[in-house]
Structures are given as structure tokens and as C-alpha cells.
**Student:** 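Just dropping this structure here.
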Amino acid sequence: MDRIVLAVRDLASAESIYTRMLGRTPSGRREDRSGGTERLLYRLSNMTLELVSVFGSGSWSSIVASRLDMGGEGLLALFLRTDGVVAAAETLKARGLPAVVLAENEGHDKGGRVRRWRNALIPPEASRELMIVINEVLGDPDDLKPAPLREGVTEAEAISELDHVVVMTRDAEACKRFFGDQLGIRLALDHSKPEWGVRQLFFRLGGVTIEVVQSLDETKVPEKDFLWGLAWKASNVATVAARLAREGADVSEVRIGRKKGTEVATIRKPTCGVPTLLVGPIAAES
């Protein structure tokens, strides 16, 4: 997992929300002049969160604007890293995914440094209408620094990594083929939970879980698949939740999680349209 992209209307407002939530300041800012977007990045231990807004005109600005107009703020795309995008695209084509390799692109840091990359896109009709981007960094390795702690926030009070991203689907079997057989991501668990009314697939990728959820009630399945929510990992959920509450965030009480041995808390709005959970091990009683 390279990064997860979140489309936002106002980058400054989104920065305030996620700097508070994560307890960290951004790793960097980038302008994609050819794509027409401005990006704010938080590099964590197992992925990068990217907030993106329209900055001008271009191919990516059109994609972001369309998402905002049709669905509001929310999760836009998953970027998967490869060392060779052309070879990766050929492998995907052999597995039935017509990946399209795009021209080389470049972006500019606020400090003026130029970064180059090349992407491959999977057409929506082949990707369950999910935006999945295969990404190769060209030239020097990406030296994006880990997102530093905000002043006054301790490591125990901050968020350091993502636990899982949730995909809502109308067809779990089709997702099993797409993520597992075609993209080659390991399926760790496939189970149905009638008591919860869902079937869940758990794919493991570089320390991040992609959780695919299908309702067992046919009247509740979505018209199309979509990226839904994020669950952030906390070493102590109560500690992170208490810090957020002190800072004015709307956070639920800590409760026992569905996964054995975990506890969770819900981070309520504002989250830029993303249902958000804190998850971690049950804290030992003092």
C-alpha cells in the first residue's frame, strides 16, 4: 500500500481536521501542476494519507471535482506501489485487467523539489468502479519524511499507522477475484457473520488490511462498490480518544471491538466524509 487518497474541498480545513486527528503535522505539500491538484501528505509507518484538492485544470483535477460534485468529500483512490509499472501492467493484463500505463508525470514540493512518477490505471469497468492506481516513483527514491508529532502530543497519544480500509461491495465473490486472483493480494480470511448481517473478506497488503464488506440483506447492498471508511491503529485507544476529546473532537466512548482482544472508539464528524474508527488491543487494567 503506497497511499490512500482523500478528496477534500478546502485543503486548509482538511489539514486542521487531520492534524488534530493524527496528532501529527504533515510530511509535505505538493503541487501537481499538470494534473491541476494540490496535495497534503501524512507519511505513517505503513502507508501515506494524501489529502487532495482542486488547484487548477488538468486530468486529476477533473477526477477530484467530479468526486466532490457527485459524492462530496471522501475516499477517492488506493495507490499500490511497484518498482516497475510497465511490467506490473503486463502482469495485470495477463490476469484479465486491462491496465493503462500513463505518461510520466511530475510534481513540485513547496520547497521547489521536483518529483517524477508514472502510473497505471485500471478502467472502472474492470476494477469494480474503484479507483486503483499502480504507482512507480522515478529517479531518486521518495524521501517524504514521517509525519512529525504535533507540539504537545506524545507518541502514545498520536496515530502511527492504519489498521484497515473498508470497501463496501454488492458482490463479495467478484471482489475476491479482483483483489485476490487479479491484483494478487493475499486473502487472509473470508467469513459470513449472520449476527452482524454481513460477509467480510480481509486482504493483507504490506501491514494494511483491505476489508471488503457485503450485506447479507439484498435490499441493503450498494448500487456499486465504493471506498467507505478507515480504521486507525492505536496502542491505547483510550489514551488517543482522551487526547482528541480534550482538543474538541467528537469521540465515542471506548467499547469492545468485534475482533477478539480489541477495543474501539468512533471518531465522529468532521472527518471529511470518512467513517472513522480507532482500534487497538484491550488495555490492561491498572
Side-chain angles (χ1 to χ4, degrees), residues 1-19 22 25-43 47-82 85-86 88-89 98-145 147 165 224-228 230 270-274:
M1 183 71 72
D2 182 72
R3 61 191 188 272
I4 294 176
V5 181
L6 172 53
V8 301
R9 297 188 187 282
D10 185 304
L11 203 58
S13 175
E15 177 182 2
S16 176
I17 291 167
Y18 276 88
T19 294
L22 300 175
T25 58
S27 302
R29 300 169 186 269
R30 295 177 180 173
E31 293 178 2
D32 176 8
R33 295 173 184 172
S34 61
T37 61
E38 186 172 16
R39 302 163 184 262
L40 191 69
L41 301 103
Y42 297 83
R43 183 173 181 180
M47 51 76 72
T48 295
L49 176 68
E50 178 178 300
L51 310 178
V52 59
S53 65
V54 174
F55 181 67
S57 60
S59 57
W60 274 103
S61 67
S62 297
I63 292 171
V64 175
S66 177
R67 158 71 209 211
L68 294 172
D69 290 343
M70 297 180 65
E73 295 184 316
L75 296 176
L76 177 67
L78 302 182
F79 275 66
L80 308 180
R81 177 69 69 89
T82 180
V85 71
V86 174
V100 178
V101 178
L102 305 181
E104 180 182 321
N105 210 335
E106 67 178 33
H108 301 257
D109 284 353
K110 290 295 185 181
R113 178 170 177 171
V114 178
R115 286 178 168 81
R116 297 164 42 244
W117 66 88
R118 198 171 187 187
N119 293 334
L121 297 180
I122 303 170
E125 61 271 16
S127 65
R128 309 285 311 151
E129 297 194 54
L130 302 169
M131 180 169 283
I132 308 294
V133 182
I134 313 302
N135 172 252
E136 178 187 6
V137 175
L138 303 173
D140 293 335
D142 192 340
D143 63 352
L144 187 69
K145 304 300 183 185
V165 54
K224 63 179 182 179
D225 294 8
F226 63 98
L227 300 172
W228 183 70
L230 298 174
T271 58
C272 299
V274 182

**Student:** Answer yes or no: is there a donor N or O on one side and an acceptor on the other, between the side chain of Arg39 and the main chain of Glu31, under 3.5 Å?
**Tutor:**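 Flag not set: sc Arg39 to bb Glu31 has no pair under 3.5 Å.
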**Student:** So do Ser53 and Val64 actually touch side chain to side chain, heavy atoms under 4.5 Å?
**Tutor:** no
**Student:** Nearest 0.5 Å, what's the CD-CD distance between Glu104 and Glu106?
**Tutor:**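 If I round to the nearest 0.5 Å, the distance is 7.5 Å.
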**Student:** Sub-3.5 Å donor-acceptor pair from the side chain of Ser66 to the main-chain atoms of Ser62, do we have one?
**Tutor:**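 Checked: no pair found.
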**Student:** Decide yes or no on side-chain contact (heavy atoms from CB on, under 4.5 Å) for Leu41 and Leu144, but give the supporting numbers first.
**Tutor:** CA-CA 9 Å; Leu41 301 103; Leu144 187 69; 4.0 Å; yes
**Student:** For Ser61 and Gly56, indicate whether the former's side chain and the latter's backbone hold a donor-acceptor pair under 3.5 Å.
**Tutor:**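 Confirmed, Ser61 side chain pairs with Gly56 backbone.
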**Student:** Is a side-chain donor or acceptor of Arg67 paired with a backbone partner of Gly72 at a separation under 3.5 angstrom?
**Tutor:**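 Flag set: sc Arg67 to bb Gly72 pair under 3.5 Å.
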**Student:** Any side-chain to backbone donor/acceptor pair from Thr48 onto Arg43? Under 3.5 Å, distance only.
**Tutor:** no
**Student:** Has Arg118 got a side-chain atom pairing as donor or acceptor with Glu136's backbone, closer than 3.5 angstrom?
**Tutor:**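 No: the side chain of Arg118 does not pair with the backbone of Glu136.
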**Student:** Would Arg29 and Glu15 pass as an ion pair if we require N to O under 4.0 Å?
**Tutor:** yes
**Student:** Let me confirm one number: the OH-CD distance from Tyr18 to Glu50, rounded to the nearest 0.5 Å.
**Tutor:** 13.5 Å
**Student:** Determine yes or no for a side-chain-to-main-chain donor-acceptor pair under 3.5 angstrom, with Arg9 supplying the side chain and Ala14 the backbone.
**Tutor:**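 Checking the backbone N and O of Ala14 against the side chain of Arg9, no donor-acceptor pair under 3.5 Å is found.
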**Student:** Is the shortest side-chain heavy-atom distance between Val85 and Asn135 below 4.5 Å?
**Tutor:**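 They are not in side-chain contact.
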